[in-house]
Peer 1: 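For reference, the structure I am asking about is given below.
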Amino acid sequence: MARALRRLVSLLAVAAITLGGFEVMLRAMPELVPLSLLVRFEKGVRVEIAKARNFATGDVMRDLPRDDGGPPLRLYPPFARIATTQQDTEDPDPAPLDGNGFCNPDHSLATAERIDVAAIGDSFTYCTAVPPANMWPAQLGAMTGLSVYNLGRPGTGLYEYLQMFKVFLAPKSPRLVIMNVYEGNDLRDAIRYHAHAAGQGDRADEQAGDREARSVRNALGRASYAYNLAATGIVALREALFAERRVRRDRPEKDVDFRYRLELPGGAIAFNADNNDRDEVVFARQLIAGEVSTALFDKALADFMALSRSNGFQALVIYSPSAYTAYARYVRFADPELQSLMPSYSETLRRYFAEGAERFGYRFLDLTPLLQEEIARTGGSPLLYYPRN
């Protein structure tokens, strides 16, 4: 009995020393925490680690007042260095944002009285994982000699683009405004806008759900990095082991499998291996089933053209497809249902925006055929999209 007790005490001492050392290591190097698990950490610990890694947190963001009844619109602070949460990145040490909190390599544009071109959009316009000089607005400016201001903000949609334009760029009297519509999630953002404007709450966020793991909602979860990592790791492992079984059984929205691969001439490449952005599939199903409509964009496009007339600029809408659309001839989804669903979703959106050029009066450029032609010409090498982002 005494021997067993001593052995138990020894084991507990070893475990305590090991966990203590692990705790010290994580606090010294919080970058070791995988982002896929960090989002599940207890909220206080998650925010603490996010600050240490220069990620955007709620207490440093600033609210932009809206005049359209939409959900809260939060912007990055001026001159901030916002680290990307993407695992694919060309820019591990981000350049500072400009005086308005947007990514423009030429900070003087933030205070310029006039600019030639305004670029409005989401993460496909913002400097997501690349230096500001490599984003398309800066490249357009370099190619044309025009002053092009990048007003991109991740996680926003058409209604938010217009709100930011009115505050920051309408006074600069641009001659051309380019609205970059992203296939992947601008429908989600339109649903969010209308739900909030109608006083129904944030439908998109409600469907996404709270990702904080239940197992960390306790005193230990509020105190320990190591415990959060272990607890969320166990949850993620359990989900990985049983996800396929759950998907086959009843296919609830929370169990969407949005992974796919590109079968390129040079070999297969896995895309979205972390199964992110599953809500994209949720809203694609709703669109094809007629539960939501592309008419959710109507007001934004009508308002865009009203701003065009009142401010005297030309309005151009460009359509950026998701990777699975650009690589349509090569894509193979893990879930066979998506092999037909996602092309239908893409075709429905692209047809709506193309027809909208006639209805609303903007000019329209669909980048899909241009990207598909380039991919066919090169055989998909080099990649035009990041595999994980």
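For this chain, numbers begin at 1 and follow the sequence in order. Predicted model, so just to flag it, every value in this text is computed and none were measured.
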Peer 1: Do NZ/NE/NH1/NH2 and the carboxylate oxygens of D67 and K166 come within less than 4.0 Å?
Peer 2: yes

Peer 1: Tell me if a side-chain donor or acceptor on S123 pairs with a main-chain N or O of T128 at a distance below 3.5 Å.
Peer 2: no

Peer 1: Under 30°, 30 to 60°, or over 60°: which ring-plane class applies to F124 and Y182, parallel, tilted or perpendicular?
Peer 2: parallel

Peer 1: Is the shortest side-chain heavy-atom distance between M342 and V331 below 4.5 Å?
Peer 2: no

Peer 1: Taking the inter-plane angle between the rings of Y362 and F360 on a 0 to 90° scale, is it parallel (under 30°), tilted (30 to 60°) or perpendicular (over 60°)?
Peer 2: parallel

Peer 1: E113 versus S173: any side-chain heavy-atom pair under 4.5 Å?
Peer 2: no

Peer 1: Indicate the ring-plane relationship of Y126 and Y76, choosing parallel, tilted or perpendicular according to the 30° and 60° boundaries.
Peer 2: tilted

Peer 1: What pair of heavy atoms forms the shortest contact from A231 to V216, and how long is it?
Peer 2: CB-CG1, 3.9 Å

Peer 1: With a 4.5 Å cut-off on side-chain heavy atoms, are P132 and N104 touching?
Peer 2: no

Peer 1: For Y324 together with Y345, are the ring centres under 6.0 Å from each other?
Peer 2: no

Peer 1: Using the six-membered ring of F283, assess whether NZ or CZ of R188 lies under 6.0 Å from its centre and within 45 degrees of the ring axis.
Peer 2: no

Peer 1: Check the pair W136 / I318 against side chain to side chain contact (heavy atoms under 4.5 Å, CB included), numbers first and verdict last.
Peer 2: CA-CA 12 Å; W136 68 264; I318 61 176; 4.3 Å; yes

Peer 1: Could you check whether the rings of Y319 and F353 sit parallel, tilted or perpendicular, using 30° and 60° as the cut-offs?
Peer 2: tilted

Peer 1: Can you see whether Y225 engages E48 through a side-chain donor-acceptor pair at a distance of less than 3.5 angstrom?
Peer 2: yes

Peer 1: Shortest non-hydrogen contact from N272 to R259?
Peer 2: O-CG, 3.2 Å

Peer 1: Kindly confirm or rule out a cation-pi arrangement of R153 over F102, judged by NZ or CZ under 6.0 Å from the six-membered ring centre and within 45° of its axis?
Peer 2: no

Peer 1: Between D274 (side chain only) and N276 (backbone N and O only), is there a donor and an acceptor less than 3.5 Å apart?
Peer 2: no

Peer 1: Report yes or no: does H107 contribute a side-chain atom to a donor-acceptor pair with the main-chain N or O of P96 at less than 3.5 Å?
Peer 2: yes

Peer 1: In the structure I gave you, are the side-chain heavy atoms of F165 and M179 within less than 4.5 Å of one another anywhere?
Peer 2: no

Peer 1: Which is it for L349 and F297 under the side chain to side chain contact (heavy atoms under 4.5 Å, CB included) test, yes or no, and what are the steps along the way?
Peer 2: CA-CA 10 Å; L349 288 177; F297 295 115; 3.9 Å; yes

Peer 1: Determine whether M135 and T125 satisfy the following criterion, side chain to side chain contact (heavy atoms under 4.5 Å, CB included), listing intermediate values before the conclusion.
Peer 2: CA-CA 7 Å; M135 288 308 299; T125 301; 5.5 Å; no

Peer 1: Report the residue from Y330, F333, Y260 that forms a ring pair (Phe, Tyr, Trp, His ring centres under 6.0 Å) with F271.
Peer 2: Y260

Peer 1: Do other residues, nucleotides or ligands put more than 12 heavy atoms under 6.0 Å from the CZ atom of R332?
Peer 2: yes

Peer 1: Please confirm whether the backbone N or O of Q314 pairs with a side-chain atom of S308, one donor and one acceptor, at under 3.5 Å?
Peer 2: no

Peer 1: Taking the side chain as C-beta and beyond, is there a heavy-atom pair between L140 and L146 under 4.5 Å?
Peer 2: no

Peer 1: Hydrophobic side-chain clustering at under 4.5 Å (ILVMFWY, transitive links): who's grouped with M143? Put none if nobody.
Peer 2: none

Peer 1: Ignoring hydrogens and angles, tell me if any N or O in the side chain of K43 forms a donor-acceptor pair with the backbone of R222 under 3.5 Å.
Peer 2: no

Peer 1: Just checking, any donor-acceptor pair under 3.5 angstrom between side chains of T156 and D122?
Peer 2: no

Peer 1: If I compare all heavy atoms of L301 with all of Y352, which pair ends up nearest, and what's the gap?
Peer 2: CD1-OH, 3.5 Å

Peer 1: With heavy-atom distances below 4.5 Å as the criterion, would you say the side chains of N150 and D98 are in contact?
Peer 2: no

Peer 1: Is it the case that the side chain of T232 and the backbone of N228 share a donor-acceptor pair, with hydrogens and angles ignored and the cut-off at 3.5 Å?
Peer 2: yes

Peer 1: Strictly distance-based, threshold 3.5 Å: is any side-chain N or O of Y327 a donor or acceptor partner for the main-chain N or O of L384?
Peer 2: yes

Peer 1: Tell me which one of E337, E280, E291 satisfies salt bridge (charged side-chain N to carboxylate O under 4.0 Å, His left out) with R285.
Peer 2: E337

Peer 1: Decide yes or no for V282 and Q286: does some side-chain heavy atom of the first lie under 4.5 Å from some side-chain heavy atom of the second?
Peer 2: yes

Peer 1: Among H194, R192, K299, H196, whose side-chain hydrogen bond (donor to acceptor under 3.5 Å, both in side chains) with Y159 holds?
Peer 2: H194

Peer 1: Do NZ/NE/NH1/NH2 and the carboxylate oxygens of E347 and R350 come within less than 4.0 Å?
Peer 2: no

Peer 1: Stepwise, does the side chain to side chain contact (heavy atoms under 4.5 Å, CB included) test hold for L296 with I191?
Peer 2: CA-CA 7 Å; L296 292 169; I191 292 172; 3.5 Å; yes

